[in-house]
Amino acid sequence: MKWQRIASFVLVMALIGIAVTTIIQKNTEPKEQKTTVVDGKKPEDIPGIAIGQKAPDFTLRTLEGEEVSLSDFKGKKVMINFWATWCPPCKAETPHMVTYYNEHAKDENFVILSVNAMSTERKSTDVEKFIDKYKMTYPVVIDPRGEVIKQYDVLNFPTSFFVNTKGVIQQKLNLVNEQQLADVVKSLD
């Protein structure tokens, strides 16, 4: 009986030692960057959505019916922001975007092109109220059937693509604040 207790004690201590060694190794090994995989494809394998690729052009309308295209902003730094009125993180980031845009857009050759996911909204008046409430002064266009959202492979809201002056996607973020905007816009060439 005594030898069984000793054997059990040695076994438990060995297992604890292995567990501690494994934890230490995992915490000290260099971390690999995780790559998002969608339908078995990495972003760089999906045309038009990966960092380093040319941003696909699109044309949508504002609530007033005016056509706006991404290509209208050729030569500018562009944040393409996909959002919806019912999305709490969208509500949280919008005041940061409005403030940054109003204070820095002109000096930094920067524009926010705001794409509302109208196909997920209850009614267009919700979008109007949102724009008024947050005093959004940058271009807001409506994606009525979610075609541009699919084109950019947007999986959640908000999602923003940052495009440099050459039309190349340089950054993708899901939620921004003023400091992040400043850092990213400064890094765009």
Side-chain angles (χ1 to χ4, degrees), residues 36 38-39 41 43-44 46-102 104-106 108-176 180-181 184-185 188:
T36 303
V38 179
D39 294 332
K41 297 179 182 178
E44 57 268 18
I46 303 170
I49 65 156
I51 292 171
Q53 291 182 327
K54 187 107 172 138
D57 195 19
F58 59 87
T59 301
L60 293 171
R61 294 185 183 275
T62 64
L63 285 172
E64 295 78 26
E66 177 188 348
E67 279 192 354
V68 178
S69 299
L70 175 59
S71 57
D72 293 342
F73 305 106
K74 186 177 180 179
K76 289 188 173 281
K77 300 173 184 181
V78 181
M79 173 188 185
I80 307 168
N81 176 253
F82 294 92
W83 64 281
T85 62
W86 48 263
C87 157
C90 299
K91 294 173 185 177
E93 84 170 355
T94 299
H96 297 284
M97 292 167 42
V98 168
T99 299
Y100 187 83
Y101 183 80
N102 290 339
H104 302 284
K106 190 173 182 180
E108 296 181 8
N109 190 34
F110 172 67
V111 68
I112 296 173
L113 180 53
S114 182
V115 180
N116 174 263
M118 181 59 79
S119 60
T120 69
E121 300 288 359
R122 288 183 300 158
K123 51 192 173 193
S124 62
T125 55
D126 292 343
V127 179
E128 291 172 27
K129 289 175 187 174
F130 191 97
I131 292 168
D132 290 343
K133 176 180 179 177
Y134 291 100
K135 298 177 176 55
M136 297 164 71
T137 57
Y138 42 81
V140 178
V141 292
I142 307 303
D143 190 1
R145 291 179 295 285
E147 292 168 354
V148 176
I149 289 167
K150 287 177 191 159
Q151 181 181 21
Y152 275 77
D153 201 30
V154 174
L155 301 176
N156 53 37
F157 302 115
T159 295
S160 295
F161 292 86
F162 292 85
V163 180
N164 69 13
T165 58
K166 297 174 186 88
V168 176
I169 298 169
Q170 286 196 315
Q171 190 75 253
K172 178 182 174 183
L173 297 172
N174 290 104
L175 183 64
V176 297
Q180 287 172 311
L181 277 170
V184 174
V185 171
L188 297 175

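Keep in mind the model is a prediction, meaning the values are calculated, not measured. Atoms considered below: every heavy atom in the structure, side chains included; atoms not considered: hydrogens, waters and symmetry mates.
- Looking only at distances, no side-chain donor or acceptor of Asp143 sits under 3.5 Å from a matching main-chain atom of Val115.
- Side chain of Asn109 to main chain of Gly75: a donor-acceptor pair is present (N/O by atom type, distance under 3.5 Å, no hydrogens or angles).
- Residues Met136 and Tyr101 have side chains not in contact (no heavy-atom distance under 4.5 Å, counting atoms from C-beta outward).
- If you check the side chains of Tyr100 and Gln180, you find no donor sitting under 3.5 Å from an acceptor.
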Next item on the list: Verify side chain to side chain contact (heavy atoms under 4.5 Å, CB included) between Leu63 and Ile131, making sure each step is shown before the conclusion.
Entry: CA-CA 10 Å; Leu63 285 172; Ile131 292 168; 3.8 Å; yes
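- Going from atom CD1 of Ile142 over to atom OG of Ser119 covers 10.5 Å, rounded to the nearest 0.5 Å.
- Residue pairs meeting the side-chain hydrogen bond (donor to acceptor under 3.5 Å, both in side chains) criterion with at least one partner in residues 124-140, sequence neighbours excluded, are Asn102-Thr137.
- Residue pairs that meet the salt bridge (charged side-chain N to carboxylate O under 4.0 Å, His left out) test with at least one member in residues 60-74, sequence neighbours left out, are Arg61-Glu67.
- A pairwise comparison of heavy atoms in Leu113 and Phe58 identifies CD2-CZ, 3.6 Å as the closest pair.
- For Pro56 against Leu70, the heavy-atom pair with the smallest separation is O-CD2, 3.5 Å.
- Thr159 contributes a side-chain N or O that, together with a main-chain N or O of Asn156, makes up a donor-acceptor pair within less than 3.5 Å.
- Note: Tyr152 and Phe82 have tilted aromatic rings, judged against thresholds of 30 and 60 degrees for the angle between ring planes.
- Summarising the geometry of Ala55 relative to Val163, their closest heavy-atom pair is CB-CG2, 3.8 Å, with the distance given to 0.1 Å.
- In this structure, Trp83 and Val140 have side chains that are in contact, with non-hydrogen atoms separated by less than 4.5 Å.
- How far NE2 of His104 is from CG of Leu181: 9.0 Å, rounded to the nearest 0.5 Å.
- Residues Leu175 and Pro89 share a closest heavy-atom pair of CD1-O, 3.4 Å.
- Rounding to the nearest 0.5 Å gives a distance of 5.0 Å between CD of Gln170 and CG of Leu188.
- Between the CG atom of Leu60 and the OG atom of Ser69 there is a distance of 8.0 Å, given to the nearest 0.5 Å.
- Here CZ of Phe157 is found 5.0 Å from OG1 of Thr120. Values are rounded to the nearest 0.5 Å.
- The minimum heavy-atom distance between Val176 and Met97, with the atom names listed, is CG2-CG, 4.0 Å.
- Side-chain contact check for Asn81 versus Glu93: some heavy-atom pair is nearer than 4.5 Å.
- Between Phe110 and Met79 there is a side-chain heavy-atom pair separated by less than 4.5 Å.
- The minimum heavy-atom distance between Lys91 and Thr85, with the atom names listed, is CE-O, 2.9 Å.
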